[in-house]
Amino acid sequence: MSEKGCIKCGSSDAGKKEVAMTGTGLSKILDVQHNRFIVVYCKNCGYSEFYNKQSSTSSNILDLFFG
């Protein structure tokens, strides 16, 4: 059975933030930030994973980070 934690350092101390980003083409020129993500990051080493907010399920996103 594998241990849960950050895949880089093994820490179980994580945080999450919501971010928005522009796409390509016209949305980039007009700075329209319609791409929304949840970023889960390790507070120890900074390793981060992005999850599409639109397609993420109602389950705890931190569980996805720790496998």
Which atom pair, heavy atoms only, marks the closest approach of Phe37 to Asn52?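 So the two residues come closest at CD2-CA, 3.8 Å.
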Those residues that, when tested against Val39, pass side-chain contact (heavy atoms from CB on, under 4.5 Å) (two or more places apart):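 If we apply the side-chain contact (heavy atoms from CB on, under 4.5 Å) test to Val39, skipping adjacent residues, the hits are Val19, Ser48, Phe50.
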Any chance you could measure [X], atom [atom1], to [Y], atom [atom2], to the nearest 0.5 Å?
X     : Y     : atom1 : atom2 : value
Tyr41 : Lys16 : OH    : NZ    : 11.0 Å
Asn44 : Cys42 : CG    : SG    : 5.0 Å
Cys9  : Lys43 : SG    : NZ    : 13.0 Å

